[in-house]
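So that the names make sense, note that chain A is the first sequence line, chain B the second, and so on, each numbered from 1.
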Amino acid sequence: MDLIAETPYRFRIEQHGSMRVPGIVFASEALLPEKSEGALEQVVNVAGLPGIVGASYAMPDMHWGYGFAIGAVAATDVATGGVVSPGGVGFDISCGVRLLAADLDRDDFERRADRIMDGLSAAIPRGAGKGAVWELPDSELQRVLLEGSRYPVERGYGTQRDLDRCEDGGAVDDADTSQIGQRARARGLAQLGSLGSGNHFLEVQAVEQIYDQRAAEVFGLRQDGVCVMIHCGSRGLGHQICTDHVRAMESAMPRYGISVADRQLACAPVDSPEGRAYLGAMAAAANFARANRQVLGTAASDVFRKETGVELELVYDISHNLAKVESHAVDGETRQLCVHRKGATRALPPGHPELPPDLREVGQPVLIPGSMGTASYVLTGVPGGDAFFSTCHGAGRTQSRHQAVRSVDVKELRKELTRQGVRVRGSSARGLAEEAPTAYKDVDAVVEAAEGAGLCRKVARLVPLGVVKG
DNA sequence: ATGTTC
């Protein structure tokens, strides 16, 4: 497989074999994954999906994943048999990032840091399985699945203004809870308002650098201001929904005469009972994920109010694992496309009609969490990018979890984070080792490549002051 | 990512 460098930040895999479109990899030479890792092969495999249009895209933080690479964008044409694939969304449906800004300077935080971090540590449930801010009866879970963040707001977790700063106003339409199994529901009941584990976290951060003063101002960010970033998703509920629908699609594929290069690319036409069932269940899981971040954001706000007297204001809340049916121009014609973004973030440009009025001038905030102990970024969408208004989603792994555990000394890691002034409230030692920054790409290089490829623009760089780790 | 192999 040959990669043709089209620009310093754009590589092309020519259409060959069963590919229906070319592959386009946005990355620098240094960020390209090793061929042996299989991520580039996954770009090729996705290019063979029925109905795919444009190209099979990959972002600079790409790495090997389930079926699709993490960092993949693929759009299929709904009207001509285009498919939807759960592997193109990922197991953590609507995993994403919520950023809140405090009217507090870095120095104000430093003076009270230990109390605030202890408060957050006590208030934020985390780790596999255990604990949630809000344990729900089944009737209320139903409301969350249909109404997303709007339901917690109605029940006092947050404000109406929060919803204006959430992707989709805090809830996606077309959730179909009849497509969710009992096991998925049962897992959701005990997990609303919980981080989970893996790369999920809550971080207190400081705005270290601003690249676009006007956009930062509109977003509510200022130099040396304190922020809280929350990275989490739909927990066991989303995971179970993915599992259930992958299985259903595996058995349905022969009926549609679909064959795929990898069993993990199980899919069905968007306009089919199986396709619609998955999208309905996926939408419900997305609403659960948004409500999860809404509840956690409110729990963090409560801690800041108690310890400092200041409120946290929502900057934005955005997913990076989702499929959406969107209108896009293809060969000069407006088409309905099912846009899969897996480890990729929507990045709407200035003037886009889906943006709320106060963000329309500068574009949609894009929230990029770095690896533990490293920087995070706030970006914004730009006109003209050719991956259906998408950009990267984070640092991207270079080592598997297993490799990281073998190579990382957790004691040294804790020492290093402390030396950098990052207060750690962890979950498991193994979890910390898996998430060591040495297991990830350099987020600064990822963002530089995404910007260089014309997918987004930098607004601010944030550095960690404290982390509550899943 | 995940009651980390129903």
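Between A:H393 and A:H231, the ring centre distance reaches or exceeds 6.0 Å.
Rounded to an integer number of Å, the gap from A:Q182 CD to B:dC6 P is 19 Å. If you measure from atom CG of A:L195 to atom C1' of B:dT2, you get 15 Å, rounded to the nearest angstrom. Spacing between atom NE2 of A:H245 and atom P of B:dT2 amounts to 19 Å, rounded to whole angstrom units. Residue A:H239 contributes atom NE2, which lies 10 Å from atom P of B:dC6 at whole-angstrom precision. Computed from coordinates, the A:Q264 CD to B:dT2 C1' distance equals 15 Å when rounded to whole Å. Put simply, CZ on A:R430 is 8 Å from C1' on B:dT4, counting in whole angstrom units. What separates CD of A:E435 from P of B:dT2 is a distance of 11 Å, to the nearest Å. The nearest whole Å value for the distance from the CG atom in A:D244 to the C1' atom in B:dC6 is 12 Å.
Within the 4.0 Å cut-off from OP1 or OP2 of B:dT2, at least one side-chain nitrogen or oxygen of A:S197 is found. Put simply, A:R235 has a side-chain N or O that comes within less than 4.0 Å of OP1 or OP2 on B:dT2.
Ring geometry for A:F388 against A:Y57 counts as perpendicular: the plane angle is over 60°, on a 0 to 90° scale with 30° as the lower cut.
No engagement by A:E434 is indicated, since no non-hydrogen atom pair under 4.0 Å with the nucleic acid exists. Using a 4.0 Å heavy-atom distance criterion, A:G198 is classed as a sugar-phosphate-only contact. Here A:G236 lies in heavy-atom contact (under 4.0 Å) with sugar-phosphate atoms only.
With a 4.5 Å cut-off on side-chain heavy atoms, A:L413 and A:M372 count as touching.
Once rounded to the nearest 0.5 Å, the distance linking CG of A:L3 with CD1 of A:I13 reads 5.0 Å.
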